[in-house]
Amino acid sequence: MLKKLKLWRNSGPSSNLQERIQQVKQQKVPSHIAIIMDGNGRWAKKRALPRVAGHHEGMKVVRKITKLASELGVKTLTVYAFSTENWKRPKTEVDYIMSLPDEFLDTFLPELVAENVQVKMMGYKQNLPAHTLSALERAIHETKDNTGLSLNFALNYGSRAEIIEAVKDVLKECKSGIMDENDINEETFSAYLMSKNIEDPDLLIRTSGEIRLSNFMLWQLAYTEFWFTDVLWPDFNEEHLVEAIEVFQRRQRRFGGV
Ligand code: FPP
C-alpha cells in the first residue's frame with residue numbers, strides 16, 4: 001500500500017505542481033517579485049561549457065518564469081540581468097550578455113504580447129550597445145498598452161549610483177525653487193529613482209547560494225521578504241518559484257509594526 005502511495009506520488013509531479021499553483025493563487029501572491037539571477041557561470045562550468053552557455057540557458061529560464069508569474073497574477077517581475085559593475089567582465093562575455101535582450105525579444109516578443117506582458121527597463125541607457133537598446137525600446141513600445149505583468153529588465157543598473165543621481169536631481173530642484181527642502185520625504189524621494197512608477201518588491205529571490213544584494217534596489221528592498229536558494233539560475237524552474245511564493249505566504253509582514 002505504502003509502495004503504491006509512493007508510486008502515485010512520484011507519478012505526477014506536474015499535476016502536483018498544478019495543485020500547488022492553484023493553492024498559491026488562493027492566497028496573497030506577491031505583487032512585485034525581484035530576482036537576482038545568479039549562478040550562470042557555475043552552471044556552465046559544471047558542464048565544461050563556456051560561461052556564455054550558462055547565460056543562454058538563463059535567458060530561457062526568464063521566459064519560463066515570466067509565463068508562470070503572469071499566470072499567478074504577479075504584477076511586476078524585475079530581473080537583474082546586468083549590473084553597473086558587470087562591465088568588469090571579459091569583453092566577450094559582456095558582448096554576449098548584451099546580445100541576449102535582442103535574442104530574447106526576437107524569439108519571445110510575440111508570446112509576451114499575446115500574454116499581455118508589458119516590457120520595461122530600469123538602468124542606465126548610456127553605454128548600452130545600440131542594438132541592445134533598440135531591441136528593448138522596440139519591445140517597450142510594442143507592449144506599452146498591455147495591462148498584464150510588467151517584465152522589468154534591470155540592465156546596466158546599480159542602486160548606489162541610482163540613489164546618488166536622485167539626490168543630485170532633488171538638490172537641483174531645491175536650488176531652482178521647484179522643490180522645497182521640507183517636501184523631501186520617502187514618497188517624494190522615491191519619485192526620483194529609476195523605479196519611480198514601480199511599487200517596491202514584495203519578494204526578492206537570489207539564486208546560487210550567494211547571500212548578498214550586490215547593489216540591487218537598496219532603497220526599494222527596505223521591507224521586502226528575501227528568499228535565497230542554492231539552485232543555480234539555469235536550473236531554476238516553476239517549482240522553485242512556487243516554493244518561494246509558498247514561503248512568502250507563510251511569513252508575516254509587519255512593516256515595522258507589531
Ligand atoms: C550572474 O551569473 C548572471 C549575470 C550577470 C547575467 C544574467 C543574465 C541572464 C540570466 C540572461 C538575461 C536574459 C535576458 C533576456 C536579458 P554569473 O555569471 O555571475 O554566475 P557565476 O556567479 O556562477 O559566475
Side-chain angles (χ1 to χ4, degrees), residues 33-70 76-113 115 117-125 127-140 142-143 149-159 204-217 228-238 240-241:
I33 300 181
I35 308 186
I36 303 179
M37 309 178 289
D38 198 6
N40 296 348
R42 276 164 283 170
W43 181 92
K45 195 172 175 203
K46 268 169 64 179
R47 289 161 178 77
L49 293 169
R51 291 177 55 80
V52 294
H55 296 317
H56 193 260
E57 202 59 29
M59 177 195 73
K60 294 196 254 166
V61 176
V62 173
R63 177 200 162 249
K64 210 160 52 180
I65 294 308
T66 302
K67 232 175 138 92
L68 178 57
S70 161
T76 305
L77 178 68
T78 297
V79 288
Y80 200 11
F82 194 86
S83 75
T84 43
E85 289 72 38
N86 285 151
W87 295 104
K88 294 180 203 148
R89 295 183 177 217
K91 185 172 178 319
T92 47
E93 184 174 341
V94 169
D95 287 349
Y96 189 81
I97 297 175
M98 288 299 162
S99 76
L100 288 178
D102 313 30
E103 184 181 342
F104 180 84
L105 295 165
D106 273 353
T107 320
F108 302 125
L109 191 57
E111 230 174 81
L112 297 178
V113 171
E115 280 173 32
V117 169
Q118 192 179 49
V119 175
K120 291 188 177 170
M121 187 213 151
M122 188 175 78
Y124 293 99
K125 292 184 176 173
N127 316 331
L128 286 182
H131 62 87
T132 313
L133 192 56
S134 77
L136 277 160
E137 285 186 333
R138 185 169 70 92
I140 290 168
E142 284 184 25
T143 62
L149 175 133
S150 291
L151 174 59
N152 183 31
F153 286 102
L155 194 71
N156 197 19
Y157 173 84
S159 186
L204 170 83
I205 296 173
R206 182 170 188 152
T207 57
S208 93
E210 309 297 347
I211 318 280
R212 56 176 173 266
L213 290 181
S214 302
N215 203 16
F216 186 54
M217 301 187 91
F228 297 100
T229 174
D230 288 340
V231 172
L232 304 174
W233 178 250
D235 289 328
F236 193 86
N237 61 26
E238 289 93 342
H240 300 119
L241 181 63

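For clarity, every value in this text was computed on a predicted model and none was experimentally measured. For ligands, and for the atoms within them, numbers begin at 1 and follow the listed sequence.
Ligand 1 is surrounded by Met37, Asp38, Gly39, Asn40, Gly41, Arg42, Arg51, His55, Gly58, Met59, Ala81, Asn86, Arg89, Leu100, Pro101, Phe104, Phe153, Trp233, each with at least one heavy atom closer than 4.0 Å.
Using modelled atom types, one finds a donor on one side chain and an acceptor on the other under 3.5 Å when comparing Arg206 with Ser214.
No salt bridge links Glu57 with Arg47; every basic N to acidic carboxylate O contact stays at or beyond 4.0 Å.
Every residue meeting the ring pair (Phe, Tyr, Trp, His ring centres under 6.0 Å) condition with Phe153, not counting sequence neighbours, appears here in chain and number order: Phe104. His56 meets the ring pair (Phe, Tyr, Trp, His ring centres under 6.0 Å) test with no other residue; sequence neighbours excluded.
Other residues, nucleotides and ligands contribute over 12 non-hydrogen atoms within 6.0 Å of the NZ atom of Lys64.
Here salt bridge (charged side-chain N to carboxylate O under 4.0 Å, His left out) pairs that include residues 99-110, with residues two or more places apart or in two chains, are Asp106-Arg138.
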